[in-house]
Number of protein chains: 2
Amino acid sequence: MPNFIFCIHNHQPVGNFDHVIEESYENAYLPFLKAVREYPSVKLSFHITGYLLDWLLENHRPYIDMLREMVKKGQVEIMGGGYYEPILAVIPPQDRVGQIRMMSDKLEKIFGKRPRGMWLAERIWEPQLPRYLKEAGMEYVVVDDYHFVKAGMKKEELAGYYITEDMGSALRVFPGSERLRYIIPFQQVEKFVENVRWVETLGTNPAAIFADDGEKFGTWPGTHQWVYKEGWLEKFLEAITENSELIKPATFSEYMDNNEPIGRVYLPTTSYMEMGEWALPAEASETYTNLVNEVKTWPDGERVRRFLQGGFWRNFFAKYPEANWMHKRMLYVSEQLAVSSKQLTAHSSQLTAHHLLYQAQCNDAYWHGVFGGLYLPHLRRSVYENLIKAENLLEIVSGKQKAVSSNSSQLTAHSSLTQEADFDADTFNEILVRTPSINLFLSPHNGGSIVEMDFRPKAVNLSNTLSRWEEGYHHKVRTQSEKAGSGEAKSIHDLTASKEEGLEKYLFFDRQQKVSLVEHFLKKEETLDSFKKNAHEEIGDFFNKPYENNKGQGSRVKGQVVFSRDGKVKDQSVLVEKKITVKDNEIDVKYRVAGRGERPFAPTTNTDQLLKFGIEFNLILPCCDGSEGFYDVRAKDIGDKGLESTGEIAAIRQIGLVDKWTNMRVDFSFDKEVSLWRFPIETVSISEAGFERIFQGSCLFFFWDIALDTVFETQFTIKVESI
Amino acid sequence: MPNFIFCIHNHQPVGNFDHVIEESYENAYLPFLKAVREYPSVKLSFHITGYLLDWLLENHRPYIDMLREMVKKGQVEIMGGGYYEPILAVIPPQDRVGQIRMMSDKLEKIFGKRPRGMWLAERIWEPQLPRYLKEAGMEYVVVDDYHFVKAGMKKEELAGYYITEDMGSALRVFPGSERLRYIIPFQQVEKFVENVRWVETLGTNPAAIFADDGEKFGTWPGTHQWVYKEGWLEKFLEAITENSELIKPATFSEYMDNNEPIGRVYLPTTSYMEMGEWALPAEASETYTNLVNEVKTWPDGERVRRFLQGGFWRNFFAKYPEANWMHKRMLYVSEQLAVSSKQLTAHSSQLTAHHLLYQAQCNDAYWHGVFGGLYLPHLRRSVYENLIKAENLLEIVSGKQKAVSSNSSQLTAHSSLTQEADFDADTFNEILVRTPSINLFLSPHNGGSIVEMDFRPKAVNLSNTLSRWEEGYHHKVRTQSEKAGSGEAKSIHDLTASKEEGLEKYLFFDRQQKVSLVEHFLKKEETLDSFKKNAHEEIGDFFNKPYENNKGQGSRVKGQVVFSRDGKVKDQSVLVEKKITVKDNEIDVKYRVAGRGERPFAPTTNTDQLLKFGIEFNLILPCCDGSEGFYDVRAKDIGDKGLESTGEIAAIRQIGLVDKWTNMRVDFSFDKEVSLWRFPIETVSISEAGFERIFQGSCLFFFWDIALDTVFETQFTIKVESI
């Protein structure tokens, strides 16, 4: 008789808004479990990720009590996983084991037994995983049947489980059915029964395996109505109960205890089918998605489709430099923690630092598919907040720093640390300057720019912006607009909703990651509009080019770094030198731009020779898009106009960005008058609700009209403080 | 100006015959290098694997001297790699680093500098490799452009190198051109120049990268004539020299020192395109290969081909249980070595044990594509020989054993060790019984069978057979035969040569791996012919079924293991019990087969009730297929008939297998008269020369006609000794 394994995975990203989680609880988690409880012969293999589990324990304890009852009765098997749902393959080996064990410990405490198997975040498989899963005590894992098909198997061979291994550590792998993922809970219940009848033909004791997100049962648009109000779930549970001579409900553990593995398999680097579309570069993503859809309509398309393969998850780090930086930043914190945990295993705050690191490993903020993910500033903010807090804690533990609070005067204001390493794993070194208030990561190789600027007391990365990258789906934004304009009917493929009209007007793309302290040489007549749209011309070769790191000079002063580049502007040799000095919460920058002449620059210089020299900053103040009222910017010389709109200001010496949400401010003070272009960085991305525009930060471009036959010098200070 | 990187990889498997290597030397290695030396402006990035390098040092020292001169002059960059060309992803992490470092040490000694980059065996990439390569001191690696295409990139983006990383360890990856692999040295030199002209359009300082086997320049059928006698290589070198305004020869290191990476990439688990066909299961392999060929003829086939993906290398362990066992056996030796190297780092024989282990990791014997590989008994033999020798050495080092030699009387004959572990990583435990003369691996889960039986003094695994597995290309063997029969012309796709006619008559396939000490219950009228063709019927449920491991009983006697199974024969309950006792070089086996009755079995029992009960052995005596005269078998009761032919012998009590090549013999002695079926296990596989039949061992089936209503008991001894 065919077994039916019903596996549900419930997840909420670290840093998600409470009201969003509450909505999922009301619409999906609660009604789902209540319904299943009424059908005691139905078995569940159930997974809740750590952040959601903790939220439920705190906010809906009776839900957990109900679940524990169902576990006691044997109706539910609780599955483990990485505590905060990390992509296991891209976190350090010790954290893989640490996160899984932390989850097992917690589940044992709540439910009285350790989980025997686990849910694999985003089903992102890599062949080195089995040894870590085994080390962490896992006996099985579930992925998609798609993984097995990519190893050359047929769906007919997948009604059970297989053995895989790495370095001799064996692990059982269950293939969740792609077909069932599209039936449950979206199609008529009869389709499910039909599927079980087909599975019945596949062996002596086969298993129909469903493994998918719990949010599909009430949170996804339209599903609450369909699953509960129109009775889909009840019909489904009824069907399982009534067909007891056809369907034998079983948990993963029950099934594997009573059945031999079908065979041995080695799964390639893959995830579920849809992830393959998202992980490709923009052009390939569009081409591949269209091809997959087309092949489905071919008479013998299955023969081709079977061997079609999309992209590899890790390429999100190639697609988005911001995801790469965040990931490598996380690795750095993990490394610091690994080193100190050897010295300090007994210290009580150790666990907290691990929790913070593990929270920062939650997968959602590192990639982008059809959910917001990386595009959501509050998720990225949460990652950096946890990382910076973990580092702060580590220093307390190791005694380097007495306390980190919002009152920076308590810190040893003049201590600083400078470290050079290839933080982002691109073979070129970056430089970290750390004071009690600031972490400043500088990249000599990438224009001597600031890649990350943290205000440590608030645990905020001010450089946490996202550039405007081209996406494979952007052509749809344009197509929809054109069709709307022409009055033409929309075809089914174009039916993606948009949260607002006219999004195509925001489709500008950046050449490089939008970092800070970036020099540009522009023609004098260059405009804010073309700079904003990234349609301007670089007339120098400084942008995104390597700078010398003048170590001898920099090391003379503590917290000081000196960069220079002998480059060209048009055909003329130009030397740019910048001296960056960090003291507690202040960053002091001195510029020297020397052309052919040795004559100091004066605004009265021959105007024919003039060009724009400027310095770009891209900063986000957390979760503040102005419209929600958290964003309050005052350019001291221009009143309350705010920086969320686009504009130009001339002849200022000071500007302050004030954020009332986190209660902090950033002040720029110049030694001479400067002009400023400012505009919001806004991306167009996709989410469950359709296309949307998201504020990712402010671009500030400070510039002067200078002549190349002079020496131009300026000095300015960036001060960050709590208010 | 486009750079041209010319990378050559020369490899010979550990255990290959001297005359085969000598032939490659004469036909390819020597003339190739001599020719390149004459064109000093041509640069080479050159790789020689360790076994070949050592062979050249011993047999052709002047060749190495010539190469050193070319290195000194800067014409050649020597590349590193794993010393004995292992598949890095499937050997233990410490061996990855150890093999690469051992190679770098050797190269430094010979050529005066350590290699900066490496050749990756079979270009089998897995994403966890960068950290180990970096740890071993490698700055770059070369794979195929195919790897990059599978990550979603276009060939136009691949005229340079990329950065990849794992856990923050960055590595440069060069994409070798698939197109150039088909041009060099097979097409007109003009095609190469055309390709460089196309590369010229791809960037400011692009690179055309060729990276392929040196054996294509003279060893492959027909290539010596074409490359040297018809002057292809001279024309090619001439073209590079003459086009100095178009082609800039560069080594990998020169190129990367002068050029920035194009970007970041994460390569999925893949190898070169062709490997994807071979690594799939038989059916999928054939379907995929046909599809790829078909797609090439489609007008917009490239759009589809770009996303087609074949199998994953590790599945050779799923495809061939013999490869899996050999691999896991290697892991076990590596583990023993890793444990003892902590205790014994200073011991002088340590290095030798590492060499033996590393030799056993040489990739060729573990897989099968268009070369013999796993199908070649002498390559498998070499793996086991090295593993067993390494274990023998380890025991000497750790003082457990005084000496291991061919004179087994010197050993402590009565010592033994029994160990239970999941040696083959299938979640079920096996049992190892080790004496000074024998390693016996038993699998309770797989019929209580013998999976491996080593004679330690000779370092021979007597169970080193290969089962007859179905291959995707076998249908071609049949098709060719049919067409030959019908007189029909052969199409181009069928033009695979065969070393002999009538190979289709050898296409029988085994249900399970052909191991030893395997019980069968057959109908009395079952024939040798149907047993040989695996067309017989199992009337019991013992074959390949789990046996109880009666530990309590077994542990009473040292070196004893007791297995039993309560099973069925037809509808009757039957208990089979076997008691295996290993003493030095003797294996004693006691059987008890108990049906319903308690009456002892007698040959006069009612013949209607009779059936065949028998025990199967599959043994190889090394490299002996009879026809070469190394195989000498004497059934004491039947004279010198030999066991290489198929036959039946009745009523014997003793049989000895004598191998004059290794000078050892195996004797079976029974307590009662027994019948014997014997036949060679012969596989049909493909190699460069076409389809061929290979002797993989002898199947010996000892049987009795017994009645189920009796208790049948027998006892026999297997004695292995040097002669």
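Chain naming here is simple, since letters A, B, ... match the order of the sequence lines and numbering starts at 1 in each.
Only the side chain of B:Phe312 comes within less than 4.5 Å of a heavy atom of chain A; its backbone N, CA, C and O stay farther away. At a 4.5 Å heavy-atom cutoff, A:Pro321 makes no contact with chain B through either its backbone or its side chain. Only the side chain of A:Asn324 comes within contact range of chain B, with heavy atoms under 4.5 Å apart. Neither the backbone nor the side chain of B:Tyr332 comes within less than 4.5 Å of any heavy atom of chain A. Using a 4.5 Å cut-off between heavy atoms, B:Glu294 contacts chain A through its side chain alone, with no backbone atom that close. Contact annotation for B:Ala279: neither backbone nor side-chain heavy atoms come within less than 4.5 Å of a heavy atom of chain A. With a 4.5 angstrom heavy-atom cutoff, B:Glu126 touches chain A only via side-chain atoms. Residue contact with chain A, scored on non-hydrogen atoms closer than 4.5 Å, involves the side chain of B:Pro546 exclusively. With a 4.5 Å cut-off on non-hydrogen atoms, B:Leu308 touches chain A through its backbone and its side chain both.
Between A:Lys328 and A:Glu430 there is no salt bridge, since no side-chain N of the basic residue sits under 4.0 Å from a carboxylate O of the acidic one. In this structure, B:Asp166 does not pair ionically with B:Lys134, as no charged nitrogen and carboxylate oxygen lie closer than 4.0 Å. Electrostatic pairing of A:Arg565 and A:Asp541 counts as a salt bridge here, judged by a charged N lying under 4.0 Å from a carboxylate O.
Looking at B:Pro93 and A:Arg131, their side chains come closer than 4.5 Å, going by heavy atoms from C-beta outward. Side-chain contact check for B:Pro127 versus A:Thr269: some heavy-atom pair is nearer than 4.5 Å. Looking at B:Leu331 and B:Pro92, their side chains come closer than 4.5 Å, going by heavy atoms from C-beta outward. Side-chain contact check for B:Gln513 versus B:Trp469: some heavy-atom pair is nearer than 4.5 Å.
The aromatic rings of A:Phe316 and A:Tyr320 sit parallel, their planes meeting at an angle under 30°, below the 60° perpendicular limit. Ring pair A:Trp278/A:Trp367 is parallel by interplanar angle, where below 30° counts as parallel and above 60° as perpendicular. Note on ring orientation: taking the six-membered ring where Trp is involved, the planes of B:Tyr162 and B:Phe148 are tilted (angle from 30° to 60°).
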Residue pair B:Arg306, A:Glu283: steps toward the salt bridge (Lys or Arg N to Asp or Glu O under 4.0 Å) verdict: CA-CA 13 Å; B:Arg306 178 179 172 192; A:Glu283 174 277 330; 2.9 Å; yes

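Most heavy-atom pairs under 4.5 Å with chain B, from the set A:Lys150, A:Arg172, A:Met153: that is A:Arg172. The choice from A:Asn315, A:Leu280, A:Val292, A:Asp426 that makes the most heavy-atom pairs within less than 4.5 Å of chain B is A:Asn315.
A:Glu322 and A:Ser467 share a donor-acceptor pair across their side chains, judged by distance under 3.5 Å alone.
Under the ring-ring contact (aromatic ring centres under 6.0 Å, His included) criterion, A:Phe441 pairs with A:Trp325, A:Phe423, sequence neighbours left out. Applying the side chain to side chain donor-acceptor pair (under 3.5 Å) test to B:Tyr140 and every residue at least two apart in sequence or in another chain returns B:Glu77.
Within the model, atoms CG of A:Leu88 and CD of A:Glu122 stand 11.5 Å from one another, a figure rounded to the nearest 0.5 Å.
Along residues 295-302 of chain A, the residues that come nearer than 4.5 angstrom to chain B, judged on non-hydrogen atoms, are A:Trp298 in order of number. When the heavy atoms of residues 255-264 of chain B are compared with those of chain A, the residues falling under 4.5 Å are B:Glu260, B:Pro261, B:Arg264, listed by number.
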